[in-house]
Structures are given as structure tokens and as C-alpha cells.
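What follows is one structure encoded as C-alpha cells, with my remarks underneath.
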Amino acid sequence: MTDSATNMRLKLPITCFIMEIILIILFGVLVQYDHETDAKAWHKHNHSDYENDFYYRYPSFQDVHVMIFVGFGFLMTFLQRYGFGSVGFNFLIAAMSLQWATLMQGFFHGMHEGKIHIGVESMINADFCTGSVLISFGAVLGKTSPVQLLIMAMFEVTLFAINEFILLTVLGAKDAGGSMTIHTFGAYFGLMVTRVLYRPNLNKSKHRNSSVYHSDLFAMIGTLYLWMFWPSFNSAITAHGDDQHRTAMNTYYSLAACTLSTYAMSSLTAHDGKLDMVHIQNAALAGGVAVGTAGEMMLTPFGSMIVGFLAGIISVLGFKYLSPILEEKLKIQDTCGVHNLHGMPGVLGAVVGAITASVATVNVYGNGMEDVFPDVASGEVEASYQGVRQAISLAVTLGFALVGGLVVGFILKLPVFGAPPDTLCFEDSIYWEVPEGDHGHENQSTAVRMEESEKLNS
Amino acid sequence: MTDSATNMRLKLPITCFIMEIILIILFGVLVQYDHETDAKAWHKHNHSDYENDFYYRYPSFQDVHVMIFVGFGFLMTFLQRYGFGSVGFNFLIAAMSLQWATLMQGFFHGMHEGKIHIGVESMINADFCTGSVLISFGAVLGKTSPVQLLIMAMFEVTLFAINEFILLTVLGAKDAGGSMTIHTFGAYFGLMVTRVLYRPNLNKSKHRNSSVYHSDLFAMIGTLYLWMFWPSFNSAITAHGDDQHRTAMNTYYSLAACTLSTYAMSSLTAHDGKLDMVHIQNAALAGGVAVGTAGEMMLTPFGSMIVGFLAGIISVLGFKYLSPILEEKLKIQDTCGVHNLHGMPGVLGAVVGAITASVATVNVYGNGMEDVFPDVASGEVEASYQGVRQAISLAVTLGFALVGGLVVGFILKLPVFGAPPDTLCFEDSIYWEVPEGDHGHENQSTAVRMEESEKLNS
Amino acid sequence: MTDSATNMRLKLPITCFIMEIILIILFGVLVQYDHETDAKAWHKHNHSDYENDFYYRYPSFQDVHVMIFVGFGFLMTFLQRYGFGSVGFNFLIAAMSLQWATLMQGFFHGMHEGKIHIGVESMINADFCTGSVLISFGAVLGKTSPVQLLIMAMFEVTLFAINEFILLTVLGAKDAGGSMTIHTFGAYFGLMVTRVLYRPNLNKSKHRNSSVYHSDLFAMIGTLYLWMFWPSFNSAITAHGDDQHRTAMNTYYSLAACTLSTYAMSSLTAHDGKLDMVHIQNAALAGGVAVGTAGEMMLTPFGSMIVGFLAGIISVLGFKYLSPILEEKLKIQDTCGVHNLHGMPGVLGAVVGAITASVATVNVYGNGMEDVFPDVASGEVEASYQGVRQAISLAVTLGFALVGGLVVGFILKLPVFGAPPDTLCFEDSIYWEVPEGDHGHENQSTAVRMEESEKLNS
């Protein structure tokens, strides 16, 4: 791989321009304001302006938006020399994905006379789909070019929309916070991609695949915004009223319990009892993932706390014992450990959702059953069968993620996308202008030049 | 104190696990959804989903939530070598406190057939109580182990709930933004704890008890989020309508005025006129504390600005002249200067609240009197007596805080909680895995090893 | 210029105290709660507390507030040695400006029996006006004393209010997101000020007029908060209902498209294809500026994306090719490149607004025409003439900004405000206590001392 191979001067602009121009054309042809954003349609009906859904979804949307751009973006800045790439590529692929997701989800969620109707709810859904892509990004962080990431995002958004359609519309599953559609899908898709892109000589960049003091603090900005706004994430598109309220509260308590078990496990699994920032930054969030499906159900704070408590334990154990095994035995190089934060807790969330659904009774839900399980309320299915639907949905999601990740991984292997050489993984200066004489205590330009020549000599 | 004494490997996991398991059991036994989060209860009544209190409290809750986790957490990252501890222990004790506060406050706020009913309002109250614990944390920052902090939080939450119950229910005082219940209580409790934990040889860690350039910038993240969201904090649990609206606005102007007096005083009290980051980071927030009680009253923007203006002046003078005296004469080592940010401005806020209450008239409040002073509106008490209630509340709060802090301080002195030695205060590497060869320009591990041996030799 | 000239010990406190005392007196004389914040007035009428505008504007206000203090503040921390000044002076002048703006805008927006009535809408407007001042601050960043900045802010707020009054009230233009009133005005005002304050020997501070690795990450915090909350900014004071909803959505898609064209152009204009943080931090935001006027109109997502796409291209080209020319030929030293982020995209936004207005039809807007173009709906003017009004408004804004900036620039040139010498521009230690032995890897105090002596010798 020569230097010119990783030069983005033509590759990146061409990819961005083509994608954006296609997006603009498709928006022009297909997309319309819905009845709450269209001036004429909204004013046709006799309602108060205060009934516009904007006021009941937009604050949640903004919290989700912060999670996508600041939460995910800064969570990944923990790497000492990949802060620009973490927050910058996160920004790029999120901006692309949310546009593409609007189209894909609009297409599958049902067109209106050949048009996709959009408003705040579709914006939330687009951000959700984007979140899934960013989870996969976490698995391949530092080992991919921005062009590879854009290509991956394009395919992943498409598969996400199909899987989501099958789960929510065909199978009638419930998954408001996306334990399955977002977390499980994003994690296993990304793990499969990174498996296909396996680099046997990645240890050449090993010294950069770690944090420095201030990069860990930047990452905590990401962690805390994800943690604080997760109640908004899980409740953003549930039914209005008690449903949103309950979902937010369940998530709040699940995360609190998860935080305590994370600290406990982090200290317990270190021989000197010292806390590990990797665990705090990631595992403390597993409680949000794990109530993504059941959060809107009558899980109770008690149930939510048990789920969060377990999620934190599982996640720390994953970071400590499973990740090294995955890397050595299965050749899965998972930069951010998304398997521990999104993969296992996502599966846990799906299972908890299936169980909670299967035991739902009118005695507990009353007339609220209609909001949470409309098919059970209408008598179309039994609660126990709703549980089966949820379980099938998990299997479908895993299938889509693994097969999709496999195919997309091989596409990304094509040697035209400018992937970084093994010696320059986790290194900003390959794709970014980095200030001179800075970047830790080492002159970056010199470092790059030395490694380039070392590479040529080897 | 040997190295094994500060090893958290058993102490911290055991404390976290026992606490969390007790919390989960108590939640299982005692806690229920309230009528706005319970599916059945909400759907029993014939109301619009848009009337759910979620839509009128949750945005405020999220702002408060950000203040608790990012605001307090990052405000304390100003120390050069204690960023992990600041933001990380803040995270841990906040996650524990909000669960414990739900139980304690629920118990005192009135049970429903033996059950605690929870919803968004109880979440805000739990975060408020947590804020008080974090203020005390600021006083002992860098000199306590995480186990000590968890123990302190447990006792402080309990005392907070009792004091709050006496003030708001027994005495009928008003304190929506918590000048007394949160700030005065948290500050004087923490000051008493740090007094009891006095370390005569703390100067051995003096070189770390200061900031570096980037740690001051991280701290400004905390400052600004506290400053921006303080209007939401003070208005989060006032009555709906004009009350919330007015409280937010009063706080907005108080803080703006406070910022100008803070800059003025910071420059005026420096011989070379240079601004001191400690003042900007802290004193500019005093205006929010000082209108915590009166903010919901008809204080007017004019009155709010006068209060904020004075709070800024008092706070800077406290940092400059009073804190050194407190440390030298009274042996109070107040790491973050919580006396200047929360203590004195909290007392000022209580006094302003008492005065403003005592001059309330129907002429000014109209029918709004019912929201702000229900007992005055019902004719149960005179406005002047409401003022007396407020003043008594301040005295009660100071009593609870000082006596409570004294007792809890002595409990924390027990030599089993793994407090750091004098030589390793304000140092992350005692409780955290710190990246090697980093952390300023010094190899941290070496530093720790040297200090350990120095300690052994002394 | 001697050292004592830049000593702020008397200048800054006197300026702050006089300003704040005047503000407090004027608030006391002139300002009253409006009918939604006044206890008596609100309770006179028979309405639900949930109809209070607080619930429909305050979440937007808080997002705008974050943009003003964290967004603008951290965006400017990219300079390696001016982080305190960026975020700290931003804080100071914003706190002053929002108070002064309340008075100036209240005066021009119409008094009620000699009183200014305030509530959440006036708070948003005050923050908007403050935003304009902060844009100008970006042009003079690092080259001005805090006293100069406060004086500039006082004049600029006044001129802003007059210009806004002429545009919105006299001319009947629409500009909800402030492409003209905020961005164009703030940018050209600031450019003119920095032109008048031209420093031929600024290259003496050239080595500090650039970023370091972590300062670029801090700046990304600012960028992302501006980017995420821009939909709230543009929609904060539009009419309720579909208008706010549509404006937020148009801005969302404009920004997403702008981000892709920014990355494309940044890579394309670098000979080695490497992305430039300056472009990402700034140009990706131009899409928000450029739909500031037309965002509330029926621009469609398609139209918004085209506008955003172009704004990103123009902005990067400006940074790359125009800014150096402006500096060399026109002697405009624009520290943050506000011409590229706010100037040109603001003018583009004004033009797009004029065109979109001129083609408005009842067929498209239906009864919503009343909200967006009340004068067109009432038949007072034709849509085409509304377009002319918009165009005239742009010309008026440019005139006010350039003439105002010229006059204020000369006022700021008076040698009594303590401007920094050429050798100490972009340097925090002239106005701030900076931690010793820190600040990059150089002992700051030494550096300052050396430069001072060098200056004396020259």
C-alpha cells in the first residue's frame, strides 16, 4: 500500500459529492412535509398549535441528537492519537446516514401516494438508524478510511431499514429503544465487518491503541451525555403519555444500578483494585441498552434495576475476559469493545423484552395495553405469543447483522477505498492535518515519516 | 497506612454490591409507578396524553440531570491529577444517591398505602438531593476514598430528606431552588466533614492541589453547564405556569449580574489585575444559588440582579480572603471552596427568601398567591410570619448540617475505608489505572513509587 | 504601550461595575414581568397553566443558551494559548450583552405604558442579539482587551436593536433565524472593527495564532453544540405549530448536506487530501446560517439541502482562498474567519430568503400564509414585493454593520482600553493567571518575560 493509496484528495470528495447529489435528487423527487410540518396541511384542520407533535417529541429528539453527535463522537476520543478521526468521522458518517435513513425508513414505513412524509418522528428514527451505524463504527475505529466508512454506512442503513421493517411491521415486535434494531444489529454487523477486515499485523500500531490522561477525560464527556440522555433515547418514540414517562423512568433506574455494578466489577477484576476507565466509560451504559426493548413495558423500577445491575456485570466481564478471547481465537479486533457495550447487553435486552411481553396481562396494563401491545389488546395474539415474536425478532436481527456484515466486510476489502496501512492505524495524521510539534510529546510529522520508511524497508 | 489499606479490590465491590442489592430489594418492596407512569392508572381517567406531567417537567429534569453529572463532575476536574476521580467518583456517588434519595424522600413525602409512588417529579427531587451530596463531595475532593464517599452519601441523603421534610412539610417553608435544603445544607455538612477529617500534613500533596491549563478548560465545561441550566434547576419543581416561567427568568438575570461582579472583583483583588480561573469557574455561579429560595417569588428581575450582583462579590471575597483563614484558623480544608459558592450564597439566598416572603401582598401576587404561598393565601398565616418560617428554616438547616457533618465525619474517620495517605491526596493513580508515561509530563507510576518509598522512609 | 497599560486592575472592575449598576437601575425603572411571568396578571385570566408560553419556548431557549455560552465559547478555544480568553471573555461579554439587549430590544419592540415587558421570548431575543456580538468577537479574538470587548458589545447591541427594528417592524421583513439581523450584521460589523484595528506587526504573535491537538478537540465541542442545536435556534421564535416544526426540520437537513460538502471541499482543496480541522469546525455550520431566513418558509427539505450544500462549498473556499486575500489586500485580520462562517453564508441566506418569499403562493401555504407572511396574507403586499423587502433589508443590514463597525472601531482605537501589544496577542497570560510551568511545554511566565524584554529592546 503506497502513500497515494491513502490519499483522499479524489476519493473522499467524489464519494461525498456523489452521495450528497443523489440524496438531494431523491429528496426532491420523493420527500414531502407531513401534515404537521406543511403550512397548508396543518392549517386545514381546526386544532391548537400546541397540539403539534413538535412539542411532545422535539425535546427528546434534541437529546437523541446530542447522543449521536457528542455522545458517540466523544466516547471514541479515548484513543490518544485518533481524536480528530473519532469525533470527525463520527460527524461525517452521521450526517450522511441520517439523510439516507430518512429515505430508506420512509420507503419501508409506508409511502403516501408515492411520497415520503417527514416530521420530527422521522427525524428521531433517522437518528436512531444513524446510532446503529456509529456502533459498527466503534468496532472498526482507527482501521478504516472515511470512504470505507461512508460505503459501510450506506449499506448498513439500508439493511437496518429492512430489518426494522421486518421486526416492527411484519413480525409486530416492540422495540422502542432499539435493543434489537439498533444495538444488537449495529454491534454484530460491526463485529462481522471487523472480522472480515482482520489485520494480523495490527500490533504494529499497538502503542497508539490506548488512551492518554486527557483523552480519557474527553471520552467521559461522551459517556456522560449518553448516560444522561438515554432515558430520552428509549422513550423518544414510544406512545405519548404514561408510556414515554414510564420508559424514561425505567431507563433512569436501570442506568443507576448499572453504574454501581460497573464500578464494583471494575475494581473486583483488577488485581490491585484500581478502577479502569474503559469499564467506566462503556459498561456503565449497558443498563440503557438492556432496557431498550422492555423499558416501555410495565417492567417496574425494580425490574429495571435488576436488568441494569446484570448488564453492568456482563459488560465488565466482557471487556476483561471475553474481548481478548474474541481477538485471539476469533480474530475479531473490536476497537471500542462494542460487543460488551451493545452486543451482549442488546441480546440481554431482547431476552428481557421477550419475557416481559410474554407475561403481560390486562390486570397490569389496563387500557394501557393498547399503547404497548396493540395486537394483544385487540385479541389478535396472546401475550405469550407476543413473547415468541420478540424472540424471533432477535434471531432475525442476528441473522441480518451477521450476513450483512459479512457481505459488506468483503466489499470494504476492495483495495480502492484507501484503508490505512497496519503501521498507521489509530493515527490521525494519515487523514487529517495535525498541528505540528504537538500530539503528545512527539513530532507527529517525523513519526509518520519514520514509520513510512520503516514500512518501505520491511 | 500501608498500600493494602488503600487497595479497593474488596472494599469497593462489597460496598457497591451490598448497597445496590439493598436498594433493589427496597425498590421491589416499596416502590410503585405513580398515576402518570402506570399504564393502568393513567388510562383509567379520561384525559389527553398531552396532560401527562412528563411534558411539563421532563425538559427541566434533563437540564438538572446534566448539571448533576456533567456540571458538578467537570467543575471539579480543575485539579491537574484528579480528573478521573472528580468526574468518576461524582458519577458513582450520584448514581447511588439518586436511588437512595428516591426511597428516603418518598418515605418522608408521604407513602400511599405503604408504597412510594414515583414519576418525573420524584426523579427531579432525587437529583436535587444528589446535588447536595456532590456539594459536600467538593469540600472533601481528593482526600477521600470512594468507599468513604459512598458511606457519606448514604448518611447525607438520609439527613437531607429529614431536613427537607421539616422545612417544607412541618415548617411550611418555600425553597424551590434549594438555597437552604440543597446549598446551605450540602456546604456546611461538607465543611464539617472536612473539618473532622483535617489533615495537618496535607501540604505534602500541595503541588497537586492546583490546576493545569487544560484542566481549567475542562472545569469550564462544568461551570458553563451549571450556569446555563440553573434557570431550569430553580424552576424545576415550582408550580406550573407563571411560577416556573418567572423563576427561570429571575435566575437568568441574577446569574448575568453575578458574572459581571465576579469578573470585576477577580480583577480588582489581584495585584496585577489578572483574572483568576478559580473565581470565574465558581463565583459566577453564586447568583444561581442566591435566588434559589426567592426565585419563584415576585422578586422582579431588578431584585434578582441586585442579589446576583452581591453574591458574586461575596463569593470572590470568600475565595480570596476567607478561605485561607478558614484553613489556617479553623482547620477547614475546603478543596473546591464550596463555602464560597454554596455556603455563603446559600445563606444569602435564605435571607433574601425570608425578606421577600415577609413583604408579599395580595396586591402584588393576586390569585397567584395560592401557588407561591398557599398558607398566606388561605389566611392561615400572615406574610410576615411566612418570613419567620423561612428564617427558622435556615437555622434548622444549619443545625442539621453541622451536627450531621460532625457525626458523619467521625464515622468516616474509622480506619477501614481506605482513605489516601497525605502524600497521595489529589492523585488519581491511587484508585485508578492511569495511562503510563502520561499525566502531565511525569511518569506517574514512577512518581507514585517514589512517593510511596519516601513515605515509608519518613 | 507599557505593561501598566494592559493592567486591568482598575479598568476592568470600573467598566463592569458601572455597566452593571446602570443596568440594574434601568431594570428597576423600566422592566416588568409580562402577563405570562407576573403572578397577578397570569392568574387574572381563565386559562390552563399548560398554555403558558414557557412550555413552548423554553426548551428552544435552553438550546440557544447552550449555543451562546458553550457553542461560541468553545468554538473559539482552538487557539493554543487563548482558551481562557476565548471561553472566559465570551462568558463575560455574553452576560453583559443579554442584559443590555433586553433593554434595547424592549425599547424598540414597543413599551407598555413606559415599561418593558419580559418573558421567555425576550430572553431568546436577548440571546440572539448576544450571538451577533459573539460573531464580531470572533473577528477580533486575541487582539483586544476585555474592556474593549465590553465597550464594543454595548455599542453593537444598540445598533443591532435599531437595525432589527428597521428590518422587522419598519420594513416588515422576515428573519426568524437571523441570517441578516444576526449573522450578516455580526460578521460585517466585526470585520470592519478588525479592519480599523489593523495591526501591521501581528506576525510577531503568529506562532500562537494556531491550534494544538487538544485545543482542536475542545473547539469541536463548540462546533457540535452549535450544529446540533441550530434547528432550535432557527425555530426558536417562529410562529407556533407547523412553523417551528418545519423550521427545525429544514435546518436539520441543510446542516447535514452542508457537512458532506464541507468534508468534500476540505479534502479537495488540500494538495495531500488531508482534512483541515478549521474547515470542519466552521464550514460545516454554514448550512445553519444560510437557512436562517428561509427556514420558516416552505423551502422544502430539498431546497434546504441545496442551500446547505452550497453554503459548505462557499465557506471552505472562503477559508482557503478568500481569507488570505482579505488579510493581505484589505488588511482584514479575521481571527476565526467569521466572514466564511457568518458573512458569506449570511448573505446567501438573505438572498435565498428573498427569492423564497417572492415565489410564495396561497396554493402552497394555504392558511399558513398568515403565520409566515402576514402582510401577503392580508393582501397588503404581493409576494414579489415581500421579496423586495427582504432584499432591501440585506442592504440596510450591510450598511448598518459597515458604518457601525467603522465608528466603533475608531472608538476602540482610543489608547485607554488596555489593548494587548502585538507581541502578546493570542496569549492568555496577559489578562489571566495561567498555571505555572504549563501551557504547552513552555514555561509561560518566562515566555512572557522574554517577549516583554524583546519588545522593550525593539
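Quick note on labels: first sequence line is chain A, next is B, and so on, each numbered from 1. Values below: all heavy atoms of this structure, side chains included; hydrogens, waters and symmetry mates excluded.
In this structure the side chain of B:Tyr252 reaches within 4.5 angstrom of the side chain of C:His65, judged on heavy atoms.
Of the two parts of C:Phe91, the backbone and the side chain both hold a non-hydrogen atom closer than 4.5 Å to a non-hydrogen atom of chain B. Using a 4.5 Å cut-off between heavy atoms, B:Asn363 contacts chain C through both its backbone and its side chain. With a 4.5 Å cut-off on non-hydrogen atoms, B:Met297 touches chain C through its backbone but not through its side chain. Contacts of B:Ile221 with chain C are made by both backbone and side-chain atoms, with heavy-atom separations under 4.5 Å. Using a 4.5 Å cut-off between heavy atoms, B:Val364 touches chain C through its backbone atoms (N, CA, C, O) alone. Contact of B:Tyr50 with chain C is not made at all, since no heavy-atom distance falls under 4.5 Å. Using a 4.5 Å cut-off between heavy atoms, C:Asp63 makes no contact with chain B at all. Contact of C:Val31 with chain B is made through the side chain alone, with heavy-atom distances under 4.5 Å. Looking at B:Ser304, neither its backbone nor its side chain comes within 4.5 Å of chain C, counting heavy atoms on both sides.
In this pair, C:Trp432 and B:Tyr263 present their aromatic rings perpendicular. The plane angle is above 60°, beyond the 30 to 60° band. C:Tyr55 and B:Tyr56 have perpendicular rings, their planes meeting at more than 60° on a 0 to 90° scale where under 30° would count as parallel.
One finds the CG atom of C:Leu23 at 5.0 Å from the CE atom of B:Met305 (value rounded to the nearest 0.5 Å). To the nearest 0.5 angstrom, C:Asp34 atom CG is 6.0 Å from B:His245 atom NE2. Between B:Thr259 atom OG1 and C:Gln99 atom CD the span is 8.0 Å, to the nearest 0.5 Å.
Listed by sequence position, C:Phe69, C:Val70, C:Phe74 are the residues of residues 67-75 of chain C in contact with chain B, using a 4.5 angstrom heavy-atom cutoff.
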Might you work through the side chain to side chain contact (heavy atoms under 4.5 Å, CB included) test for C:Phe54 and B:Asp242, ending with a clear yes or no? CA-CA 8 Å; C:Phe54 179 75; B:Asp242 60 302; over 6 Å; no

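Annotation for B:Gly241 and C:Asn52: closest pair C-ND2, 3.4 Å, computed over non-hydrogen atoms. For the pair B:Tyr213 and C:Pro435, the tightest heavy-atom approach, listed with the atom from each and the gap, is N-CG, 4.0 Å.
Ring-centre distance between C:His43 and B:Tyr365: not below the 6.0 Å cut-off.
Put simply, the side chain of B:Lys274 never gets that close to the backbone of C:Ile430: no donor and acceptor are under 3.5 Å apart.
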